[in-house]
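Written out below as structure tokens is the structure these notes cover.
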Number of protein chains: 2
Amino acid sequence: MESTRDAPRVTIADVAREAGVSKGLVSFALNDRPGVSAETRARILQVAGTLGWTPSLRARSLSSKRSFALGLVIARDPEVLGSDPFFTSFIAGVETILAPEGLALVLSVVPDEPTELQTYRTLVTDGRVDGVFLSDLRRDDARIPCLAELGLPAVTLGRPDQPSPFPSVSIDDTDGVAESVRHLVELGHRRIAHVAGSPAMLHGGRRRDAFSAAMSAAGLGNGQIVETDFSIAAGADATRVLLSQPERPTAIVFASDPMAIAGIGVAQELGVSVPDQLSITGFDDIEFARYVYPALTTVGATPMVWGRTAATTLLGLIRTGSAADVELPAARLIIRGSASSPTSH
Amino acid sequence: MESTRDAPRVTIADVAREAGVSKGLVSFALNDRPGVSAETRARILQVAGTLGWTPSLRARSLSSKRSFALGLVIARDPEVLGSDPFFTSFIAGVETILAPEGLALVLSVVPDEPTELQTYRTLVTDGRVDGVFLSDLRRDDARIPCLAELGLPAVTLGRPDQPSPFPSVSIDDTDGVAESVRHLVELGHRRIAHVAGSPAMLHGGRRRDAFSAAMSAAGLGNGQIVETDFSIAAGADATRVLLSQPERPTAIVFASDPMAIAGIGVAQELGVSVPDQLSITGFDDIEFARYVYPALTTVGATPMVWGRTAATTLLGLIRTGSAADVELPAARLIIRGSASSPTSH
DNA sequence: TAGCCAACCTATACCGGTTTAGTCGCCGCC
DNA sequence: GGCGGCGACTAAACCGGTATAGGTTGGCTA
């Protein structure tokens with residue numbers, strides 16, 4: 001047992017002494033900066049290697065005023081959050097970029113917006129992170145001016161509805177909704193309803209508008225729309241409302257998979273057979289979508305790719321001071337079993 | 001606009017000067033340590049307040065060799081991870097304790113165990129965290145000796161099957177499984193099967209053993225058991241296997257809700273009506289459990305409480321050097337609609 | 001051959017806290 | 001009245017890096 005136990009940490013000074021150079025030069029070599037001859041640099045790195053030196057993150061943080069960490073603050077009811085696999089996949093994607101760079105992810109889950117803003121402030125005054133991901137964009141989002149004022153680099157997941165100094169990484173989700181509607185129309189549906197997400201959230205409003213537009217384009221008016229807060233419970237309630245009408249829709253386009261799955265549940269409970277009497281489409285393609293019965297026809301998002309791209313963009317912004325907006329490939333409709341031609345009536 | 005823009009940071013030296021004392025004394029006052037008269041302490045804190053001084057986390061980290069952060073490393077396929085709401089709730093619970101203390105949570109999602117162990121090492125050499133949560137305990141878990149050797153404080157979620165220097169926070173889940181079996185037996189079931197989790201994971205094996213024990217206790221032998229890796233796909237496959245037997249079970253006890261929900265889907269797909277022809281119980285009480293049809297009879301875990309308790313325990317361990325094991329109230333059966341008396345035949 | 005610049009490297013002052021080794025005044029006690 | 005001891009406080013070292021203002025060298029120009 002090569003007891004590293006209580007072994008005093010190897011510092012930059014040890015490396016400098018051993019290599020016969022000054023601390024400063026070791027630092028230069030480490031951060032491969034000009035002003036070190038190739039030969040010396042190699043020697044320094046070699047000595048560092050044999051000594052097993054790892055620069056102290058803490059010391060580096062203090063003197064360079066960086067923290068080598070990125071932040072993600074999620075403001076949601078944890079119960080609701082749990083059923084949404086978006087973040088776990090997103091985070092996994094982020095990690096694939098951060099880990100090799102030796103960067104960490106600091107995660108906060110907070111109950112509401114005021115706490116969220118406060119969390120960002122603390123993150124900044126503590127210098128806990130070098131940048132943050134801004135997800136679940138809201139209408140007139142208070143976080144954008146807040147972060148801008150704090151001077152914290154950020155990347156928005158989706159394009160904000162207001163002037164924003166931050167690059168955005170977005171995915172076109174309107175196309176998927178339009179595709180869903182077209183698919184249903186082609187199957188022969190005419191009374192198509194939409195269980196929308198929260199209008200306060202950008203993607204909620206966007207998908208709703210895409211639904212309306214697609215309906216108009218098909219010559220079916222605006223289509224009936226029920227707004228929710230994206231929660232499973234609200235999705236279930238909305239479905240109940242739609243199905244208890246005298247002339248109920250033959251198809252429902254849901255703004256998210258969790259709501260769609262709850263919708264299937266409600267339909268079954270009411271004795272409305274899916275897809276025979278009611279076709280259902282979702283959005284996200286969460287893992288459950290493939291395993292409920294009937295398997296959910298839905299629009300496939302790619303949160304892992306999103307995470308990876310957002311991380312790359314944010315790193316670029318931090319390192320170079322600027323980064324371009326990125327538009328990910330549009331989410332596409334995945335046809336499974338929950339939507340079919342409407343039966344007679 | 002009181003431009004904090006470019007305002008040089010207020011440091012401990014400013015506070016010291018303003019209060020007419022030395023830096024050291026300010027530090028003492030801040031960390032309320034003896035050796036400061038009540039009067040002086042009050043003055044210092046008052047000055048700090050009016051100056052708006054927040055001690056620099058980075059400087060504190062460097063000199064005190066603490067990082068004011070806790071870590072959670074999750075080793076799972078992100079796809080599988082997504083459908084398990086355990087972690088998001090757990091994390092939310094952890095946050096309720098950390099946030100008020102000004103501590104952060106560093107999260108890592110890694111694909112496999114080697115990477116996981118490497119991540120712990122990096123976390124330690126970087127001094128990124130002051131302690132970690134150890135979840136998803138495995139048989140003969142390599143992480144325990146690894147962390148012990150690294151000298152990193154940790155709390156295990158559940159009791160390990162090996163000598164462990166770390167406190168554990170556990171919840172009795174065997175009771176809930178036993179309750180499920182008893183419930184089914186009382187309903188009149190005799191052919192009860194179990195879709196188990198991974199035997200490599202402690203809770204997988206424990207629930208399976210609890211199932212066997214309960215079956216024996218009911219005089220029903222050991223009961224048929226199919227082992228899985230806890231993934232939804234495996235849960236679906238296992239159900240398919242069970243239901244395609246000549247003499248199929250009239251009830252299945254699943255080791256997790258996601259698998260149980262997949263089980264309901266498979267049953268429906270095969271035209272086996274739930275609960276009439278097949279009763280199903282789950283474990284976890286994830287949010288979806290209430291919204292599928294029929295609503296899932298399951299065992300209610302409380303991940304948020306678990307998170308809160310684990311955080312408290314870990315903090316105690318870090319601050320005092322020792323902490324006692326905690327046993328949370330046992331998870332109880334929640335009766336909904338997915339289990340009923342078996343019909344005739 | 002002095003002059004100059006570039007390339008390479010050193011010395012040292014930071015970053016902003018914590019911690020330790022004292023200093024000082026004052027009280028109690030023999 | 002000298003001494004021990006204690007509480008309050010200061011000065012300075014220290015944590016382990018980064019940044020910057022010089023100092024050498026050597027080659028090239030004028």
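For the numbers below, each heavy atom of this structure counts, side chains included, while hydrogens, waters and symmetry mates do not. In the text below, chain A, chain B and the rest are named by the order of the sequence lines, each starting its count at 1.
One atom, CD1 of A/Ile44, and another, P of D/dG17, lie 14 Å apart when rounded to the nearest Å. Residue A/Lys65 contributes atom NZ, which lies 19 Å from atom P of D/dG16 at whole-angstrom precision. Per the geometry, CD belonging to A/Glu39 stands 14 Å off C1' belonging to C/dA7, to the nearest Å.
Using a 30° and 60° split on the angle between ring planes, A/Phe87 and A/Phe90 fall in the perpendicular class, above 60°.
Contact check, A/Thr40 against C/dC9: a side-chain N or O comes under 4.0 Å of OP1 or OP2.
Tested against A/Glu113, the residues A/Gln118, A/Arg143, A/Arg138 include a single side-chain hydrogen bond (donor to acceptor under 3.5 Å, both in side chains) partner, A/Arg138.
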Practice problem: Quick one, give me the B/S/- string for nucleotides 17-23 of chain C, reading 5' to 3', where B means a protein heavy atom under 4.0 Å from the base and S means that only happens at the primed atoms, P, OP1 or OP2. | Solution: BBBB---

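Each of A/Ser37 and B/Leu62 lies near DNA chain C, and the nucleotide nearest A/Ser37 is the one positioned closer to the 5' end. Along DNA chain D, the nucleotide nearest to B/Pro34 and the one nearest to A/Arg58 differ in position, and the one closer to the 5' end is contacted by B/Pro34.
Heavy atoms of A/Gly127 sit nowhere under 4.0 angstrom from any nucleic acid atom.
Look at A/Arg319 and A/Glu101 and you find a salt bridge, because one of the NZ, NE, NH1 or NH2 atoms lies within 4.0 Å of a carboxylate O, short of that distance. Electrostatic pairing of A/Asp136 and A/Arg76 counts as a salt bridge here, judged by a charged N lying under 4.0 Å from a carboxylate O.
Closest approach of A/Pro145 to A/Gln162, counting heavy atoms only: CD-OE1, 3.9 Å. Counting all heavy atoms, side chain and backbone alike, A/Arg159 lies closest to A/Ser168 at CG-OG, 3.5 Å.
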